[in-house]
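Each remark here refers to the structure printed beneath this line.
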Amino acid sequence: MDTLLLKGKPVSDSIRLALEPRVQSLKEIGIIPKLAAVIVGDDPASQVYVRNKARAFENLQCESDTHRLDTDITVEEVLTLLDTLNNDAAVHGILVQLPLPTQLDSKTILHAVSPKKDVDGFHPENLGLLLEGNPNFIPCTPYGVLEILKYYEIPVSGRHAVIVGRSNIVGKPMFALLAQKFEMGNATVTICHTGTKDLAAHTERADIIIAAAGAPNMITGNMIKEGVDIIDVGINRVEDDSEKGYTLVGDVNRESVMGIANSVTPVPGGVGPMTITMLLVNTVNSAEKCRKLIACH
Ligand code: NDP
C-alpha cells in the first residue's frame, strides 16, 4: 500500500489565503486583528514559537504584541497585565505561552484570560462550550488536526479513532471534537495515556490514530492495522551528533508505518504548520465578533 504523506503546508496555505479578504474587509472599517502574546522567561523553544507567531500575524497584515516578562515575575504582576489586555478594545486575542516557570500556577493564569479573547481555547468556559458542542474558540492544535482530515478527505464518521495523550491542550479537546455529533466528528473514540495497560491492543484496532504523547517513535508499524490514517502531533527533540545537536521526530516511527498505513502526517511539516494558522483563524474570528458588536451600536 502506498502511504500518503499528509503535509500541513498546503492545508495551512489554503486557510491563510481564505483569511486575507476577511482581514481586508475588517481593515476597511478600521479593525486590525490583533494578538497579544505573553511570554515569561527565556525558554528557547518558547521564544521561537512566539517569534513564528508574530511573523505569521505580520504576513497576514495583522498585529501582534509580545509581552516579555522576567522569569521571577509574580502571579499578581501577570494578572495585572492580563487585566489590562482583557480591557484593551484593540486586542482581539490573548495567548500565554506555555510552559510557565514553576512558581506561576498556570491554571490561575490561564483562567484570568478573558474567554472572549482566549484564542488558544484553554479557558474552562471555552473547553466547556467545546464539550457541549457549541464551541467558541477551538484549541489550535486539535483544530488544525481536524482541518488536515478535512482537506485530505479522510473519513471520520463511524470510524474508530484512538488518541494517545489526554492533555488539556491536545488529547482532551481532540476527543471532544472527534466524538461530537457533527460532520467532522461522529467517530467512536478511545483515549489512551500512561495508565493504559496494553497500548498496542488499542492502536491495532484503530482506523485513525492521533499520537499526542510526546514520546519519540512510540507508535511502530507492528502496532497498527493496514489502512489506518495516522496524525502525528508529537514534536520531540532527539539529541544526536548532527550539526544542530538534535533531530525533531514525532511520536510515530514513520519508516516502520510506511506501506502499512493509508496516510501519515510528517514531522516536521505535518500538524506543526497548522497550529499557528488556527491561531490566526481564531483571532480573525474574534475580531469579526467585535465588528458585529460595533454594528449593533
Ligand atoms: P503532555 O505532556 O501535556 O501530555 C502527554 C500525554 O501523553 C499525557 O496524557 C500522557 O499520559 C500521555 N503519554 C505520555 N507518554 C505516554 C506513553 N508512553 N504511552 C501512553 N501515553 C503517554 O503533552 P502535550 O499534549 O502538550 O503534547 C504532546 C506532544 O505534542 C508533544 O510532543 C508536544 O511537543 C506536541 N505538540 C505539538 C504541537 C504542534 O503544534 N504540532 C502543539 C502542542 C503539542 P498521562 O496523562 O498519563 O501522563
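Scope of the values below: all heavy atoms of this structure, side chains included, with no hydrogens, waters or symmetry mates. Note that ligands are numbered from 1 as they come in the structure, with each ligand's atoms numbered from 1 the same way.
For the pair Lys289 and Phe137, the cation-pi test (distance below 6.0 Å, angle within 45°) is passed.
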Contacts table for ligand 1: protein N or O within a distance under 3.5 Å of ligand N or O, distances only.
from: ligand 1; atom 1: 9 (O); to: Arg166; atom 2: N; distance (Å): 2.8
from: ligand 1; atom 1: 11 (O); to: Thr194; atom 2: N; distance (Å): 3.4
from: ligand 1; atom 1: 25 (O); to: Ser167; atom 2: OG; distance (Å): 2.5
from: ligand 1; atom 1: 32 (O); to: Ile235; atom 2: N; distance (Å): 3.0
from: ligand 1; atom 1: 32 (O); to: Ile235; atom 2: O; distance (Å): 3.3
from: ligand 1; atom 1: 32 (O); to: Asn236; atom 2: OD1; distance (Å): 3.4
from: ligand 1; atom 1: 34 (O); to: Ile235; atom 2: O; distance (Å): 3.2
from: ligand 1; atom 1: 40 (O); to: Thr275; atom 2: OG1; distance (Å): 2.7
from: ligand 1; atom 1: 46 (O); to: Arg166; atom 2: NE; distance (Å): 2.8
from: ligand 1; atom 1: 47 (O); to: Arg166; atom 2: NH2; distance (Å): 2.9
from: ligand 1; atom 1: 47 (O); to: Thr194; atom 2: N; distance (Å): 3.1
from: ligand 1; atom 1: 47 (O); to: Thr194; atom 2: OG1; distance (Å): 2.4

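In summary, of the residues considered (Ile154, Leu149, Val264), a side chain to side chain contact (heavy atoms under 4.5 Å, CB included) with Leu6 occurs for Ile154 alone.
The side-chain hydrogen bond (donor to acceptor under 3.5 Å, both in side chains) contacts involving residues 75-89 comprise Thr74-Glu77, Asp83-Asn87, where partners must be two or more places apart or lie in separate chains.
No donor-acceptor pair under 3.5 Å is formed between the side chain of Asn186 and the backbone N or O of Gly158.
With sequence neighbours left out, Thr247 forms a side-chain contact (heavy atoms from CB on, under 4.5 Å) with Asp240, Ser242, Val249. In this view, Asn168 and Lys172 satisfy the side-chain contact (heavy atoms from CB on, under 4.5 Å) rule, not counting sequence neighbours.
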